Amino acid sequence: MRAPDFWWDEKPDFRATALAPLAALYGAIAARRMARRGVAVEAPVICIGNFVAGGAGKTPTALEAARVLRQLGERPFFLSRGYGARSANRTPLRVDFERHDASEVGDEPLLLARQAPTIVCTDRIAGAQACVRAGASVIVMDDGLQNPALLKDLAIAVIDAGAGVGNGLCIPAGPLRAPLEAQFSHIDAVMLIGQNSSFGPGQDVAESARDHAIPALTGVLAPDPEQAAHFLGRRVVAFAGIGRPEKFFDTLRSAGAVLTASHAFADHHVYSKAELERLRAEAKSTGALLVTTAKDHVRMTPSGMDSPRDISVLDVTLVPDEPSDFADLLVQGLARARRR
């Protein structure tokens, strides 16, 4: 499902206004649920989430957090509910990216598992306990900010600088998963991601966070240099099924690629063989490379589907503007947990 375009208008339009009563009810229920006290486990829990439905850069932020934690001598494990899997993983499952595919564990866990041990489970408490039993010294949750099951020792809300919180209303009238004010009381910092983070919708949210004495860090999603060099001056047909596909297309352009076509799909879209064949045919007819995101690429390997080796990938990583501030934030979270 793709988020409605009117969610991202600066002000609510007639559709959002009509849905506002439902949004108020949804928001009240979500806020009350978030207020429940979570269960503590025997390892610090760091949650990387966002305020809204859709992509903001959570997974790259979680990956960067794990990288820094390893540098600090920790053994991080990722915990994910496995969104996008064909059936819910109700018991903890350790992801093996060489054996599992996205239909079994979800797309994001496959990316996470390439960097650190990853457990998927819809029961967050059981999943966290499995991480501890397997040797985790710290648990990094990819998403789950609005889920109250676990006590979080550090919660970081990721904000897309270009989108912010859209029209500021809750689902279904807008993109917020819970009222913004209610969510501020459950986070320790925000990470504003985007080249134009000094102004715009995301900056407005970051300023609101600072008004609540919540630190606002900034960073950008940067393409892998070696991959980016491959696309310089090349004609490409780009496609993506992520929260905001246009960000991926802009990243390709910034790498010097010439986009002959771009195709946006819904977040977590599962590609059919026919869709991929059409994309391949279009790229071949224009003499272009076919390119997508790493997250999309891992969704193309369910049993029986053609190998996607002919589809190029441009991956991105989070580059904090102030790496020491990001590391200090993680250290503070660990210290808070271990005092507990």
Side-chain angles (χ1 to χ4, degrees), residues 1-13 15-40 45-59 61-62 79-84 88 90 106 108 121-128 141-160 163-192 201-202 204-206 208-209 211-212 214 216 243-244 266-268:
M1 175 183 173
R2 184 178 300 172
D5 289 341
F6 71 84
W7 279 9
W8 306 105
D9 293 340
E10 185 177 353
K11 295 181 179 180
D13 71 357
R15 292 164 292 186
T17 301
L19 292 167
L22 283 176
L25 176 62
Y26 180 97
I29 294 171
R32 186 162 59 247
R33 183 170 180 261
M34 286 185 72
R36 299 173 188 167
R37 180 169 176 81
V39 173
V45 174
I46 296 173
C47 176
I48 310 296
N50 66 352
F51 294 134
V52 301
K58 294 187 304 296
T59 299
T61 304
L79 175 61
S80 170
R81 70 181 296 270
Y83 185 86
R90 294 184 174 86
E108 288 155 351
C121 188
T122 55
D123 182 333
R124 309 287 180 135
I125 298 171
M141 294 176 64
D142 182 11
D143 209 358
L145 178 62
Q146 293 77 22
N147 187 303
L150 282 174
L151 178 65
K152 303 172 182 70
D153 297 293
L154 178 69
I156 302 173
V158 181
I159 303 168
D160 185 321
V165 294
N167 62 20
L169 297 179
C170 290
I171 297 168
L176 281 170
R177 296 179 174 186
L180 189 59
E181 284 296 316
Q183 297 198 68
F184 276 143
S185 64
H186 295 281
I187 67 167
D188 301 288
V190 298
M191 170 61 77
L192 184 64
D204 292 342
V205 184
S208 295
D211 290 342
H212 288 75
I214 297 169
R244 294 190 65 207
D267 197 12
H268 302 282

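All of these numbers come straight from a predicted model, not from anything done at the bench.
Taken from CZ in Arg81 to CD in Glu108, the straight-line distance is 10.5 Å, to the nearest 0.5 Å. Rounded to the nearest 0.5 angstrom, Leu25 CG and Leu19 CG are separated by 12.5 Å. Within the model, atoms CE of Met191 and CG of Asp160 stand 13.5 Å from one another, a figure rounded to the nearest 0.5 Å. Here CG of Leu169 is found 10.5 Å from CG of Asp9. Values are rounded to the nearest 0.5 Å. We find the SG-NE2 distance between Cys47 and His186 to be 11.5 Å, quoted to the nearest 0.5 Å. Once rounded to the nearest 0.5 Å, the distance linking CD of Gln146 with CD of Gln183 reads 4.5 Å.
Residue pairs meeting the salt bridge (Lys or Arg N to Asp or Glu O under 4.0 Å) criterion with at least one partner in residues 15-28, sequence neighbours excluded, are Asp13-Arg15.
Using a 4.5 Å heavy-atom threshold, the side chains of Leu154 and Ile156 count as touching. Between Leu150 and Leu79 there is a side-chain heavy-atom pair separated by less than 4.5 Å. Using a 4.5 Å heavy-atom threshold, the side chains of Met141 and Val45 count as touching. With a 4.5 Å cut-off on side-chain heavy atoms, Met34 and Pro148 do not count as touching.
Taking both residues in full, the closest heavy atoms of Ala40 and Leu151 are given as CB-CD2, 3.9 Å, listed atom of the first, atom of the second, then distance. Scanning all heavy atoms of the two residues, the minimum distance from Tyr26 to Cys170 falls at CD2-CB, 4.3 Å. Between Gly202 and Ile159, the closest heavy-atom pair is CA-CG2, 3.9 Å. Closest approach of Asn50 to Ala56, counting heavy atoms only: ND2-CB, 3.6 Å. Of all non-hydrogen atoms in Leu145 and Ala157, the two that sit nearest each other are CD2-CB, 4.3 Å. Smallest separation of non-hydrogen atoms from Ala31 and Ala182: CB-CB, 3.8 Å.
For the ring-ring contact (aromatic ring centres under 6.0 Å, His included) test, residues two or more places apart in sequence or in another chain that qualify with Phe184 are Phe51, His212. Legend: residues meeting salt bridge (charged side-chain N to carboxylate O under 4.0 Å, His left out) with Asp142, ordered by chain and number and at least two apart, are absent.
A donor-acceptor pair is defined here as one N or O able to donate and one able to accept, closer than 3.5 Å; such a pair exists between the side chain of Trp7 and the backbone of Pro172. Checked by atom type and distance alone, the side chain of Arg177 pairs as donor or acceptor with a backbone atom of Val52 at under 3.5 Å. A donor-acceptor contact shorter than 3.5 Å is absent between the side chain of Asn167 and the backbone of Glu10. One N or O on the side chain of Asp123 and one on the backbone of Ile125 form a donor-acceptor pair closer than 3.5 Å.
Around atom CG of Asp211, more than 12 heavy atoms belonging to other residues, nucleotides or ligands sit under 6.0 Å away.
When the options Asp188, Leu192, Ile187 are evaluated for a side-chain contact (heavy atoms from CB on, under 4.5 Å) with Val190, the one that passes is Ile187.
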